[in-house]
Participant: 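Next up is a structure, given as structure tokens.
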Amino acid sequence: MTFERIQVDPRKMGGVPIIRDLRMPVATIINMVADGRTVEQILSDFPELEAEDLKQALQFAAATLNERQVPLLSA
């Protein structure tokens with residue numbers, strides 16, 4: 001999958017994945033969704049974002065987890 005709206009550039013935001021040139025980290029969007037914010041709420045608070053930005057942020061996070069091992073505590 002190609003992520004046209006996600007950028008990773010060591011000269012921008014220390015190389016963390018961001019949305020387009022907005023300097024909005026993908027992690028910030030994922031955290032807002034995890035906190036229960038709706039797409040409408042996020043777009044209202046950040047009018048520079050578009051619905052497709054949020055969709056790609058979630059897809060990017062899912063793809064990243066598919067590619068890496070994440071250490072979890074054993075139950």
Side-chain angles (χ1 to χ4, degrees):
M1 173 171 227
T2 303
F3 300 99
E4 298 89 19
R5 294 173 177 260
I6 309 295
Q7 296 179 347
V8 178
D9 183 339
R11 298 168 298 177
K12 296 178 184 174
M13 301 288 293
V16 301
I18 59 172
I19 300 296
R20 298 182 277 129
D21 278 325
L22 300 178
R23 296 186 183 269
M24 168 72 72
V26 169
T28 299
I29 293 173
I30 302 306
N31 284 323
M32 287 189 281
V33 172
D35 287 341
R37 308 280 320 241
T38 66
V39 170
E40 293 78 17
Q41 289 171 326
I42 296 169
L43 294 178
S44 176
D45 289 345
F46 300 94
E48 65 275 16
L49 291 174
E50 300 172 4
E52 187 63 25
D53 295 327
L54 304 184
K55 181 179 175 183
Q56 279 205 12
L58 290 169
Q59 291 171 331
F60 181 81
T64 300
L65 287 173
N66 283 331
E67 295 298 324
R68 298 178 184 220
Q69 292 183 348
V70 179
L72 301 175
L73 295 176
S74 299

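Counting begins at 1 with the first residue of the sequence.
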Participant: Kindly compute the distance separating CD1 (Ile42) from CG (Asp35), expressed to the nearest 0.5 Å.
Facilitator: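 So the CD1 of Ile42 and the CG of Asp35 are separated by 9.5 Å.
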Participant: Of all heavy-atom pairs between Ile29 and Ala57, which one has the smallest distance, and what is that distance?
Facilitator: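 Scanning both residues completely, I find the closest heavy atoms to be CG2-CB, 3.9 Å.
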Participant: Look only at the side chain of Ser44 and the backbone of Glu40, and say whether a donor-acceptor pair between them is shorter than 3.5 Å.
Facilitator: no
Participant: Do other residues, nucleotides or ligands put more than 12 heavy atoms under 6.0 Å from the NZ atom of Lys55?
Facilitator: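 No, because the 6.0 Å sphere around NZ of Lys55 holds 12 heavy atoms or fewer from other groups.
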Participant: Do Gln7 and Arg23 have side chains that approach each other closer than 4.5 Å (heavy atoms only, starting at C-beta)?
Facilitator: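 They are not in contact (no side-chain heavy atoms under 4.5 Å apart), so the answer is no.
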Participant: Is any side-chain heavy atom of Val39 closer than 4.5 Å to one of Leu43?
Facilitator: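 Counting from C-beta outward, Leu43 and Val39 do come under 4.5 Å.
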Participant: Kindly write out the residues that satisfy side chain to side chain donor-acceptor pair (under 3.5 Å) with Glu52, not counting sequence neighbours, or none if the list is empty.
Facilitator: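 Result, side chain to side chain donor-acceptor pair (under 3.5 Å) vs Glu52: none returned.
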Participant: Measuring from atom CD1 of Ile6 to atom CD1 of Ile19, what distance do you get when rounded to the nearest 0.5 angstrom?
Facilitator: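 Ile6 CD1 to Ile19 CD1: 3.5 Å, rounded to 0.5 Å.
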Participant: Consider only side-chain heavy atoms of I, L, V, M, F, W and Y, link residues closer than 4.5 Å, and tell whether Met13 and Leu22 are in one cluster.
Facilitator: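 Different clusters: Met13 never reaches Leu22 through Ile, Leu, Val, Met, Phe, Trp or Tyr contacts under 4.5 Å.
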Participant: Got a second to check how far Thr2's OG1 is from Gln56's CD, nearest 0.5 Å?
Facilitator: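 Interatomic distance, Thr2 OG1 to Gln56 CD, rounded to 0.5 Å: 9.0 Å.
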Participant: Return the set of residues passing side chain to side chain donor-acceptor pair (under 3.5 Å) with Arg37 (not counting sequence neighbours), or none when no residue passes.
Facilitator: Asp45
Participant: Any heavy-atom pair between the side chains of Asp21 and Lys12 that's under 4.5 Å?
Facilitator: yes
Participant: Would you indicate whether the side-chain heavy atoms of Gln41 and Met32 approach each other to under 4.5 Å?
Facilitator: no
Participant: Answer yes if Phe3 and Val16 sit in the same cluster of Ile, Leu, Val, Met, Phe, Trp and Tyr residues linked by side chain heavy atoms under 4.5 Å apart, and no otherwise.
Facilitator: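 Different hydrophobic clusters.
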Participant: To check you understand the geometry: which heavy-atom pair defines the closest contact between Arg5 and Asp53, and what is its length?
Facilitator: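 For Arg5 and Asp53, the tightest heavy-atom pair comes out as NH1-OD1, 2.7 Å.
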Participant: Going by side chain to side chain donor-acceptor pair (under 3.5 Å), name the residues that satisfy it together with Asp9, two or more places apart in sequence or in a different chain.
Facilitator: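 Partners of Asp9 under the side chain to side chain donor-acceptor pair (under 3.5 Å) test: Arg11.
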Participant: Under 4.0 Å between a side-chain nitrogen and a carboxylate oxygen: does that hold for Arg20 and Glu4?
Facilitator: no
Participant: Is there a donor-acceptor contact under 3.5 Å from the side chain of Asn31 to the main chain of Ala27?
Facilitator: yes
Participant: Do Val8 and Ile18 share a hydrophobic cluster, counting only Ile, Leu, Val, Met, Phe, Trp and Tyr and linking them when any side-chain heavy atoms are less than 4.5 Å apart?
Facilitator: no
